[in-house]
2 protein chains.
Amino acid sequence: MAPRPLPSLTRDQIVAQAFILLEEEGLESLSMRRLAGKLNVQAPALYWHVTDKAELLGMMARDIYAAAYAGTDAAQDWRDWLMQFGRALHASLASHRDGARLCAMARPPSPLDAQIQASRIAAPLSALGLEEDQALAHQAAVIAFTLGWSTYEANGPMRDFLRQIMDFDATFTIGLEALVSGLDLRRPG
Amino acid sequence: MAPRPLPSLTRDQIVAQAFILLEEEGLESLSMRRLAGKLNVQAPALYWHVTDKAELLGMMARDIYAAAYAGTDAAQDWRDWLMQFGRALHASLASHRDGARLCAMARPPSPLDAQIQASRIAAPLSALGLEEDQALAHQAAVIAFTLGWSTYEANGPMRDFLRQIMDFDATFTIGLEALVSGLDLRRPG
DNA sequence: ACCTGAACACCGTTCAAGT
DNA sequence: ACCTGAACACCGTTCAAGT
């Protein structure tokens with residue numbers, strides 16, 4: 001009765017619990033009301049910490065991408081970096097139920113200054129010798145391929161069908177290698 | 001042959017009206033109730049023609065893919081076919097509001113026999129000399145890349161951000177070319 | 001065969017009011 | 001500052017009943 005404890009909600013707590021709920025029930029059942037229930041709070045309470053559900057999903061997607069960057073170690077060259085990053089993103093998307101669908105529908109949080117953001121994103125590849133334009137284009141290609149692939153992988157019936165006719169993980173790696181090799185061909189020199 | 005007393009609903013009508021509603025209001029507002037309203041019918045009436053909303057979305061996704069295949073003409077070789085198909089799919093996804101998100105969440109309709117379906121899908125590339133395994137793997141790679149790319153393109157804030165730092169269409173084509181070239185490298189001979 | 005009316009069990013979000 | 005209670009305007013889906 002009357003549970004009014006000192007620790008109040010934080011955005012991090014909300015996101016963490018949202019991931020738990022996602023794992024347990026799937027994206028369809030990830031509602032603000034259920035999430036609030038898990039946090040022993042009424043649904044409107046969430047709106048003090050978060051502007052709307054889209055922002056919450058955006059924060060979750062941000063975490064999934066962040067895990068991919070964190071899983072990409074120091075690389076020999078930009079091709080190595082892209083391969084590592086593609087595999088890490090693939091793993092990160094697969095590590096959360098409906099991770100790919102979540103990222104497919106999430107809007108990016110806080111549109112900061114585009115140029116600053118761009119050079120931050122390009123930084124790891126720039127450090128390996130790519131110009132910023134190329135760094136962004138190549139990374140976008142790898143993300144698109146990986147997100148698209150993971151989308152199919154996350155689609156139950158589609159996955160069951162494709163599993164019967166190909167080795168899913170091996171074919172992903174082959175495709176990723178093909179993409180990175182192809183990007184290499186376009187390099188001057 | 002036998003004349004019907006009144007023109008009743010058909011699945012095709014429902015799908016056609018769903019595309020109109022999608023264009024006008026977006027995926028968020030594509031509800032069974034609104035769709036029924038547009039068809040001058042009550043919502044439960046739709047459930048006589050369609051098992052559920054997921055099936056309806058599946059039929060819409062099927063049409064989007066079908067347009068991509070229809071937009072792929074006779075090709076010189078399998079690389080040409082993949083390039084054409086990638087561009088046609090890109091165009092088809094972009095031609096409907098939220099087309100990529102729709103395909104990302106739709107489940108494929110009617111899981112027929114996997115082997116039969118597989119050879120149907122592989123047919124155009126098999127005719128150009130690819131073995132069925134390669135045909136499926138290469139087509140899956142192109143679809144994944146294109147769907148993933150279109151997903152970002154359809155994401156309003158993300159698109160606005162990326163537009164500032166790259167030429168979206170040109171970079172798509174470059175990535176697609178890189179992917180297909182890279183697949184070519186893996187060909188024996 | 002095909003559709004309506006009414007209902008069930010939900011949603012996201014707002015907002016005055018409490019603490 | 002942080003949360004509740006109550007409400008608004010919706011959802012997808014089921015099902016008995018009508019035609």
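Residue numbering restarts at 1 for every chain, and letters A, B, ... go by the order of the sequence lines.
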Quiz item: Between D:dC10 and C:dA9, how far is it from one P atom to the other, in whole Å?
Solution: 22 Å

Quiz prompt | Residue B:Lys53, side-chain heavy atoms: nucleotide from D:dT4, D:dC3, D:dT13 that is nearest | solution = D:dT13

Practice problem: Whole angstrom is fine here: how far is it from CG in B:Leu9 over to C1' in C:dC3? | Solution: 9 Å

Quiz item: A:His90 pairs by ring pair (Phe, Tyr, Trp, His ring centres under 6.0 Å) with which of A:Tyr152, A:Phe168, A:Phe172?
Solution: A:Phe172

Practice problem: Looking only at side-chain atoms of A:Ser8, point me to the closest of D:dC3, C:dC3, D:dT13. | Solution: D:dC3

Quiz item: How many Å lie between CG on A:Leu56 and C1' on C:dC11, as a whole number?
Solution: 15 Å

Quiz item: Picking from D:dC2, D:dG12, D:dT4, which would you name as closest to the side chain of A:Val41?
Solution: D:dT4

Quiz item: Considering only C:dC11, C:dT13, C:dC2, which nucleotide approaches the side chain of B:Trp48 most closely?
Solution: C:dC2

Quiz item: C:dC3 phosphate, OP1 or OP2: any side-chain N/O from B:His49 under 4.0 angstrom?
Solution: yes

Quiz item: Please walk me through it: do A:Phe85 and A:Val180 pass side-chain contact (heavy atoms from CB on, under 4.5 Å)?
Solution: CA-CA 11 Å; A:Phe85 177 67; A:Val180 174; over 6 Å; no

Self-check item: Which residue lies more 5' along DNA chain C, comparing A:Arg34 with A:Pro44 via nearest heavy atoms
Solution: A:Arg34

Practice problem: Identify the nucleotide, in any strand shown, that forms a Watson-Crick or G-U wobble pair with C:dC8, with both distances under 3.5 Å; if there is none, say none. | Solution: D:dG12

Self-check item: C1' atoms of C:dA17 and D:dC2, separation to the nearest Å
Solution: 13 Å

Quiz prompt | For D:dC2, the Watson-Crick or wobble counterpart (both distances under 3.5 Å) | solution = C:dG18

Practice problem: Hey, can you tell me if A:Phe145 and A:Trp149 have their rings parallel, tilted or perpendicular (30° and 60° cut-offs)? | Solution: tilted

Practice problem: Just compare C:dA7, D:dG5, C:dC3 and give me whichever is closest to any side-chain atom of A:Gln42. | Solution: D:dG5

Self-check item: Rounded distance in Å - CG (A:Leu35) to P (C:dC11)
Solution: 11 Å

Quiz prompt | Side chain of B:Ser31 (C-beta onward), nearest among D:dC2, D:dT13, D:dG12 | solution = D:dG12

Quiz item: B:Tyr47 side chain: which of D:dG12, C:dC3, D:dG5 is closest?
Solution: D:dG12

Exercise. Nearest whole angstrom, please: distance from the C1' of C:dC2 to the CZ of B:Arg11.
Key: 15 Å

Practice problem: Grab the CZ-P distance between A:Arg33 and D:dC10 for me, whole Å please. | Solution: 15 Å

Exercise. Round to the nearest Å and state the distance from B:Met32 atom CE to D:dT14 atom C1'.
Key: 13 Å

Self-check item: Residue from B:Lys38, B:Arg34, B:Arg97 passing salt bridge (charged side-chain N to carboxylate O under 4.0 Å, His left out) with B:Glu25
Solution: B:Arg34

Quiz item: For residues B:Gln13 and B:His49, is any side-chain donor paired with an opposing acceptor at under 3.5 Å?
Solution: no

Practice problem: Please state the C1' separation for the pair C:dC15 and D:dC3 - nearest whole angstrom. | Solution: 13 Å

